[in-house]
Amino acid sequence: MTETVDALAGLVAGGGVVVLSGAGLSTESGIPDYRGPSGAARRHTPMTYQAFTRDAQARRRYWARSHLGWRTIARAAPNEGHRAVARLQRGGLIEGIITQNVDGLHTAAGSSQVVELHGRLDEVVCLGCGNQTSREELDRRLREANPDFDARVAAVNPDGDVDLADDEVAGFRTVDCTFCRGGMLKPDVVFFGETVPAARVARCFALVARARLLLVLGSSLTVMSGRRFVVRAAKLGVPVVIVNQGPTRGDGYAALTVDAPLGRLLPALADRTAAAAAVPTVPTGLTGVGR
Ligand SMILES: [Zn+2]
């Protein structure tokens, strides 16, 4: 791994790095990666925006499962990978972070200039009036509305992707916006079939245009929502480096691809660049002068 870290450090040490991160960065925090190597066994097809907004039963099923799955997310803490990214940023090497993750772990690790492309699961928006509230508050309201739910489903809650029998879902009570009284609540994340707000995408493209290097961390780049930034970087001549476990759909654009666990590689990279920055460079030709 030393040679890999050396090669990466050589590229990152120049600064101006924009990070594009995906689910692979958060798996070591206990958040399942449904598209990565460990995610092949996903049991449920993802909720689409259309089903969520048009089908009361689909919405009830979503909230019932999400009510249980939320505990995995709420418990999750930043891992060594997130912390290493924050260290690289404090060292002045990272200009900004585009993340496809909705877990908020980059900011929890101390990073700034984070664009959360697909929103945040810990925020809730009313589709009626646009009022935003915290998931914590919604969690409290859902617990109050469903006092017996936990006891009934306690047996089926290993990883946040919860199987629920139809009768358990049928008994689940959803809640509405208290601000406009009756508006439909939705987690403030971008669902399948929904587009990312244009201003947010523009902010990401601006980051990519200013980048000296685009560093992809833990994304298989399966969906165009993230892959387009790799395509744009390549078009602008911004070198792309991809660190991911397994191949990605952006490998053809990359100057360097690294297959390694992020929780080990990134701390080593942060150590190496910090050590390099601490060594004063002696201009050639002056070596030995004054000694
Ligand atoms: Zn409302």
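Order of appearance sets the numbers: ligands from 1, and atoms from 1 within every ligand. Just so we're clear, the structure is a prediction, and the values are computed from it rather than from any experiment.
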Summary of side chain to side chain donor-acceptor pair (under 3.5 Å) pairs that have at least one residue in residues 226-237, sequence neighbours excluded: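 Sorted result for residues 226-237: empty, none.
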
Gln50, CD atom: more than 12 neighbouring heavy atoms under 6.0 Å: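 Count over threshold, so yes.
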
Sequence neighbours excluded, every pair satisfying salt bridge (charged side-chain N to carboxylate O under 4.0 Å, His left out) that has a member inside residues 194-212: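 Sorted result for residues 194-212: Lys186-Glu194.
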
Stepwise salt bridge (charged side-chain N to carboxylate O under 4.0 Å, His left out) check, Asp271 with Arg87: CA-CA 9 Å; Asp271 287 346; Arg87 274 171 64 201; 2.5 Å; yes

Salt-bridge criterion met for Arg83 and Glu80 (N-O under 4.0 Å):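 Yes, charged N to carboxylate O under 4.0 Å.
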
Polar protein atoms near the Zn ion (ligand 1) [N, O or S; cut-off under 2.8 Å]: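 Protein N/O/S atoms under 2.8 Å of the Zn ion (ligand 1): Cys126 SG, Cys129 SG, Cys177 SG, Cys180 SG.
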
ring-ring contact (aromatic ring centres under 6.0 Å, His included) against Tyr253, all qualifying residues, sequence neighbours excluded: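 Counting only residues at least two positions away or on another chain, Tyr253 forms no ring-ring contact (aromatic ring centres under 6.0 Å, His included).
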
